[in-house]
Structures are given as structure tokens and as C-alpha cells.
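Worth knowing before you read on, the calculation uses all heavy atoms, side chains too, and leaves out hydrogens, waters and symmetry mates. Protein chains get the first letters and strands the later ones, always in sequence-line order, with residue 1 at the start of each.
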Number of protein chains: 2
Amino acid sequence: MKGDPVINRHSGVPLYGQIAQDLEGRLGDDYEPGDRLPSVAELAERYEVNRLTVHEALGVLVRRGLVTTVKGKGSFVALPIIRWDVRAGQDASLTQAMGERGHAVENRVLGVVEDDDPELREQLGATRALLRFESVRYVDDEPWSMTSTWFDPDRFPRLDELWVDRSSLHLVLKQEYGVRMRRSTRTFAALAADATEGQILRVPVASPILQARGLNVDEQGRPVAAVEHRFRGDRIQFSVELG
Amino acid sequence: MKGDPVINRHSGVPLYGQIAQDLEGRLGDDYEPGDRLPSVAELAERYEVNRLTVHEALGVLVRRGLVTTVKGKGSFVALPIIRWDVRAGQDASLTQAMGERGHAVENRVLGVVEDDDPELREQLGATRALLRFESVRYVDDEPWSMTSTWFDPDRFPRLDELWVDRSSLHLVLKQEYGVRMRRSTRTFAALAADATEGQILRVPVASPILQARGLNVDEQGRPVAAVEHRFRGDRIQFSVELG
DNA sequence: TAGTGGTCTAGACCACGCT
DNA sequence: GCGTGGTCTAGACCACTAT
């Protein structure tokens, strides 16, 4: 149990920042993962500040993924981050790897649109406009990533009909087209979630997103699909063996 | 020039969210990179809301890296993101690569501490506590990344004296110890900047950080150092060729 | 119905940059 | 000195959850 909160009103440091730091120091100590924090009103009284100031402090912790808030219920210490290694390698299927570990993995295709990106088109050697599939991956009913996948419609005809409502793209490609897909290049970047991504992935706007873009190829090294994954930063990390 | 702002006060969507979206839609259109946005007071009048509500809307855009604010001056449309490919490969030195392109790269060693992490110690095959170097990399006087580097003090005696005040670790290792260091494994994750990282990297708290952890090895594949880079998400992306 | 977090207002003061 | 963004208060209303 830590001592009384000490807030310095004349240090030049914003009160909400001091409160956020004080609360962060108590996480895992006074407050353990899953615990409910004192209510905003309670904290406001304890720190002798306005409710809004407490709300701003909690906002800092929420955006950093340390605290989650539920309207009508309260604020809770976030559960320990479950990081999952998505290892590069011959097996490009997360669905399969997770399934073997007893997790329910589901891919939902949100939609398919024509997307005439000249650069991607050249990468895939397509002569017509590519098809872009938008999908979301859920692990145990929790959204983990959004994915855009670009295909050459001439090489994979009717893929839109075949993939929708089936969990694994890799299975569809293998069973329907005889193609074993593996990862080739990847580019990693850290982004901030926009409003749409926040809504679909159920994270606050501006939460960290691990973006992995690249090319998938078949066993002969021929390009199969261009992909862009946007993983929830609090759920995924990506391990790579470099050459 | 887009039309008048349209804000729906009874849609259930927060006003600051609507304002953020409206402003975002005008970026690159009404307001170009580097332009000053209307003042908070001006926007409050235009949207017929309180100043605080405008401030919250700008906060969303700031945290997403689309807008920067300067106290006393105004709010500005962020400059286009300069993404830099840090490619994996035989040459592990960013300093050298950037220098060849006419950028001034500087590494400042903030400090050296003993750090007895058993796991890292085993990875490096050390028999004593490791030394952890904390450094910051600046490109054209702008902070780009923070780095922690763990060394076996027995293998690299006096490294602390030799590295401090010299720009490139790779040069020091090559010239003083005859070691050519290259990247081996890497793990990528997207984090949110804490208060310290935000201050040093000059980004808002909770900004996206691309974390790259891994092992560097010499030409014989023997471990040389464990590293953890924390790159500003708005400045760096990382490209990898997978096996 | 009571308690919770989320939003919004009106008004105030501050620190900062510029002229 | 004035305009700027940043912070904070007091008070209000709302939507949601649980009882």
C-alpha cells in the first residue's frame, strides 16, 4: 500500500500528468490487474481536483493500454498484455498455429473491392485491376488484426465467393488452387489507430498499431498476394530471423 | 474549399469526434502541410462549441500525428511523414547509411548502468552482470530513436569510455575490437510512448513507438550485443527480407 | 434508482511567442 | 501587450450498468 497521493500544484507539471504517474505507480501494487480503480468522483476527492482532471489522467493511462474504462461500471486495471509471436517462416498461417494451441480463430471477410494500385499490380504481375479483400481476424472472439489482401483476379478466379465465410485463406488457396502461400518481404511500422480501426479492433483511437506490409509467394517464389496487416499493438509482436 | 462545418448535436457521436473528423477531411485540402490552422477560439466560434471541445478534437489529431501544436503560436498541419527504411542485412549501421545520404546523424550516450538480466546474460554468454548503454539517435538534430544496448563487460572492456562522445557504435567496435557487427534476430512490436520516451523523442505521450528488439552478432555468428531500439513511429519503418 | 464514466459549457488563469 | 494553446474548476446532463 502506497502512501497518500502527493500532488504539487505549483510545480509547472500538469495535475493530470502527476495523477497519471501516481496512479501508474500504484498499478500492480495497490491495484492489481482486473481490479476496479476508485471511481472518478472518489479519485477527484482524494486528489482534491475536479472530476475532469481525473478523467484526463485516466485518459493518458487508457491510451497507453494500462487501464480500461467501461461506462456505467468503472475503470479497471488492464489485464497483462498477451503478446503473441507471429514468427516468420514457411508456415504463413496464424489461423493454424493458434488453432493448434486451443484458441478459436475466426476470419471475417468484410468486403471485396476493385483496387487499381499500379505498384501492387506490377508486383503481382497482373494485367487487370486487383481485388482487395478486407478482413478481420478474431482470436477467442476478440479482434486481433485487420488485413487488406490484394489478389490478381485472373490468377484466382472466384476467390471472393470461395473465401467468404471460410476461416482460413491459406486453406482456401491450398484446397481450391493448389497453392501453398508463404511470407516473403515484410515492412514494419508503428501507426496510430484511426476512428474506423479503433472501432473494429475495439481499442481507443490513436492506440498503437503494428503494421506489417509485404508480399506472399508460393513455393516457387512467385508472387501470390500483397498483404497489409494491422495488428493491435497490445496483442501481437512479430519475430523475424534475419539473413 | 470544403463547405461549412456540419455538426450534429443529437447524433450520439461526441462533438469533439465529429470536429476531429471534419478537420481531418480538410487536411491537405483547405489546410496544407505546414499551414496554421484557425485558432482554438476561432474554431470554437465556427463550430459553435466550447474551446475545450475544440481542444479535445485537436488532441485526437495530435495523438495521431496529423497536427502539431505550439503553445503561443498555434496549431499546424503536420509535415508529410518521412519514413525511412531501416533495411535488415549485412550492414547494421544506420549512422553510415544516413551519412551517405547527406543527413547529420548523431548518437548521444545518455548513460551506462549494470543490468543483470539473466536471460540476456545467457544469450550473450557472459559470466558477469551486463552493461546497459542508453543512447539516443538524432538525425539532423531531430530525435529519431532511443536504444538500449547490452554488452558483456569482459568481452568489451573499457567500451563505456570508448563509445561515449563518438557517433557510431559500429565504428568503435570495428576500430577498437576488430568486430564487425550485424543484425541477427529481431522482434517487432508497437508500443505507446511513456512520459520519458515522449520527452526524449519529442512526441506526445502515448504516441506510437516501433520497438525492435534482438541480437547482434559478429561475422562468425557469435553474439555481440543485445539491443532494443524504440523508433518514433512517425519517422521509421523497418523492411525485412524473410527466409 | 443509484452509481458510473463520458461529454459539454462558461469562465478563469497561465505560459509562451511575437511585435 | 496581445493572441496563442494548455490547464483547471464548478456545474450540468447524458448513457450505461447493476440492483
Practice prompt. Would you indicate whether A/Gln21, at its atom CD, is surrounded by more than 12 heavy atoms from other residues, nucleotides or ligands within a distance under 6.0 Å?
Written response: no

Item to complete: Tell me which of A/Glu48 and A/Lys73 sits closer to the 5' end of DNA chain D, going by the nucleotide each one is nearest to.
Response: A/Glu48

Discussion item. Ring centroids only, cut at 6.0 angstrom: are A/Trp144 and A/Tyr138 within range, meaning strictly under it?
Written reply: no

Worksheet item: Looking across every strand, which nucleic acid part, if any, lies under 4.0 Å from B/Leu52 by heavy atom: base, sugar-phosphate, or nothing?
Response: base

Worksheet, complete the sentence: DNA chain C: first to last nucleotide in contact with chain B (atom under 4.0 angstrom from a heavy atom), 5' to 3', is C/dT7 to C/dC18

Item to complete: Check whether any side-chain N or O of B/Ser39 sits under 4.0 Å from OP1 or OP2 of D/dG3, and answer yes or no.
Response: no

Worksheet item: Can a donor-acceptor pair be found between the side chains of B/Ser75 and B/Thr69 at a distance below 3.5 Å?
Response: no

Worksheet item: So does B/Gln199 have more than 12 non-hydrogen atoms from other groups sitting under 6.0 Å from CD?
Response: no

Discussion item. I want to know whether B/Phe188 and A/Phe238 have ring centres closer than 6.0 Å.
Written reply: no

Worksheet item: Which of these passes salt bridge (Lys or Arg N to Asp or Glu O under 4.0 Å) with B/Glu197: B/Arg202, B/Arg232, B/Arg230?
Response: B/Arg230

Response to the item:
Walking DNA chain D from its 5' end, the first of B/Ser75 and A/Arg9 to be reached, judged by nearest nucleotide, is B/Ser75

Worksheet entry | Atom-to-atom span, CG of B/Leu58 to C1' of D/dG5 - whole angstrom | 9 Å

Discussion item. With nearest nucleotide decided by heavy atoms, which residue, A/Gly72 or A/Arg51, maps closer to the 5′ end of DNA chain C?
Written reply: A/Gly72

